[in-house]
Amino acid sequence: MEFDDKAPIYVQIMDLIKQRIASGELKVGEQLPSVRDLAEQLVVNPNTVQKAYLGLEREGYVATPRGMGTFVTGDRDVADRLRERLARSAVESCVATLRSLGYSPDEIAALAAEAAREVQP
Amino acid sequence: MSELVEVVHLTKRYLTNAALSDVSFQLPEGHIMGLLGPNGSGKTTLMKILGGLLYPTSGSVFIDGVQPGIQTKARVSFLPDVNQLNRWMSVGEAGDFFHDFYADFEPQRFEDLLKVMGLTPEQKIGALSKGMIEKARLSLVFARKARLYILDEPFGGLDPLARRQILDALVADFRPDASMIVSTQMVGEVERFFDDVVFLGSGSIVLSGEAEDLRAQRSASIEEIYREVYGHVETRQV
């Protein structure tokens, strides 16, 4: 994975895992890789992965039952809620950019409708 | 979290000029610290003092609560900036030498590391390329189960692929009860491994902190901060 070194790496690892939860790739109850394995995979300092896991735990996305590893936690709707939140923040930042370029809400809606048909993931 | 290394008001003077003046920092157990700065900023002097090869003029240094000496040398694995191996020795003999010298040297780990690096014990040091000598030295240093690893420019003679191999080995070997201090000019390539960074300039700390905090505060990579911190110095030299 490519990181942007201008932003804290643990935040980017948190975002990566949240995305996986939102998309359903990681399901509630599923175990995350061990800190060491993920650190090796991403070629980062294990402390950074640890920090990301702690952050996710604080935000309630994962739990760490004593010595068992780290698991995705929450109710069935966690993925939906997360998906909605990520979508909302992506749209908000995009709309803010367009507003600052002088587009009206109607024009933005029209552009969005067009882009939704044309842009591939 | 306990501090493994404590440097308190450390000053080192060579005859007239000060190589280090009033340097203080702490390094917690399990952390990797990047020691950054241009040539002549005092990195090597600081590392030699931590390694017990030089004595401070004033101030003090503690490793695990003990001042550098015979006791700490047994727990500190030091990679100096120049090759310390005898050219007539084979790689395996260098391993035996380390094994005799350091109680924490693990021959099996040494063999494993050599394999990863693509070296064999029979090869003579004198017949190795610069990059291969670097790999042999790193294998020796990492084969010790030390508390503190001090690596002075460990990526000097290495190509990008070999650097990556060593970084991988470094992550795979990470132990929460050990710490590491690394000086390097390859800031961009290595910065993801740093928990903490200390920027030295003319023997003093010009900036220090946790790498992630510095990135967040300045919305910049450690490499960019490096250029920001030393940029004016370099342009003045040119």
Side-chain angles (χ1 to χ4, degrees), chain A residues 1-20 31-70 85-86 89-90 92-94 96-97 100, chain B residues 1 4 27-34 36 116 149 155 160-182 184 186-197 209-228:
Chain A
M1 175 193 171
E2 280 306 310
F3 289 105
D4 174 7
D5 285 327
K6 291 188 215 302
I9 292 159
Y10 79 96
V11 176
Q12 297 176 61
I13 297 173
M14 285 173 69
D15 287 346
L16 175 80
I17 291 166
K18 282 186 206 168
Q19 266 169 29
R20 298 263 161 95
Q31 187 172 9
L32 295 181
S34 73
V35 167
R36 184 178 293 259
D37 283 349
L38 190 59
E40 279 186 51
Q41 218 174 305
L42 301 174
V43 205
V44 298
N45 185 321
N47 291 327
T48 308
V49 175
Q50 181 68 44
K51 201 168 174 183
Y53 280 13
L54 284 175
L56 289 166
E57 191 172 352
R58 209 165 350 164
E59 292 182 10
Y61 294 111
V62 304
T64 315
R66 260 177 299 140
M68 302 275 291
T70 305
R85 194 180 308 165
L86 292 175
S89 87
E92 277 167 8
S93 85
C94 168
T97 308
S100 73
Chain B
M1 204 171 350
L4 183 66
L27 178 65
E29 203 173 55
H31 274 212
I32 300 176
M33 189 188 99
L36 309 176
V116 172
Y149 297 85
F155 307 105
L161 206 68
R163 291 204 288 272
R164 178 59 193 270
Q165 270 178 341
I166 284 158
L167 287 172
D168 283 345
L170 210 139
V171 174
D173 277 0
F174 177 82
R175 299 201 330 268
D177 65 333
S179 300
M180 203 176 286
I181 298 177
V182 187
T184 182
M186 315 270 174
V187 182
E189 219 164 307
V190 193
E191 65 167 85
R192 278 178 208 170
F193 297 89
F194 298 151
D195 292 293
D196 312 286
V197 285
E210 286 188 28
E212 296 275 62
D213 291 346
L214 291 172
R215 285 189 193 102
Q217 284 159 17
R218 299 177 175 231
S219 301
S221 66
I222 300 302
E223 190 180 23
E224 287 167 328
I225 297 170
Y226 182 98
R227 275 191 247 124
E228 206 176 291

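Keep in mind the model is a prediction, meaning the values are calculated, not measured.
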Let me know if B:Ala216 has heavy atoms under 4.5 Å from chain A in its side chain, its backbone, both or neither.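 When you check distances to chain A, atoms from both the backbone and side chain of B:Ala216 fall under 4.5 Å.
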
For B:Gln217, is it the side chain, the backbone, both or neither that has a heavy atom under 4.5 Å from a heavy atom of chain A? neither

Does any heavy atom of chain B fall under 4.5 Å from the side chain of A:Ala39, the backbone, both, or neither of them?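 Both backbone and side chain.
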
Can you list the residues that meet the salt bridge (charged side-chain N to carboxylate O under 4.0 Å, His left out) rule with B:Glu189, with sequence neighbours excluded?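 In terms of salt bridge (charged side-chain N to carboxylate O under 4.0 Å, His left out), with neighbours along the sequence ignored, B:Glu189 is linked to B:Arg163.
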
Taking only residues two or more places apart in sequence or in another chain, which ones pass salt bridge (charged side-chain N to carboxylate O under 4.0 Å, His left out) with B:Glu212?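 Once residues adjacent in sequence are excluded, the partners of B:Glu212 under the salt bridge (charged side-chain N to carboxylate O under 4.0 Å, His left out) criterion are B:Arg215.
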
With chain B, the option among A:Arg36, A:Lys51, A:Lys6 that has the most non-hydrogen atom pairs under 4.5 Å is A:Lys6

Check each of A:Asn45, A:Thr48, A:Leu42, A:Ile9 against B:Arg192 using the side chain to side chain contact (heavy atoms under 4.5 Å, CB included) test, and report the only one that passes.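 Running side chain to side chain contact (heavy atoms under 4.5 Å, CB included) over A:Asn45, A:Thr48, A:Leu42, A:Ile9 with B:Arg192 returns exactly one hit, A:Ile9.
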
Closest contact, heavy atoms only, A:Asn47 versus B:Gly30: ND2-O, 2.8 Å

Report the distance from atom CG of B:Asp195 to atom CD of A:Gln50, rounding to the nearest 0.5 Å.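 Here the rounded value is 11.5 Å.
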
Does some side-chain heavy atom of B:Glu191 sit less than 4.5 Å from a side-chain heavy atom of A:Asp5? yes

Is the number of heavy atoms from other residues, nucleotides or ligands under 6.0 Å of B:Arg164 CZ greater than 12? no

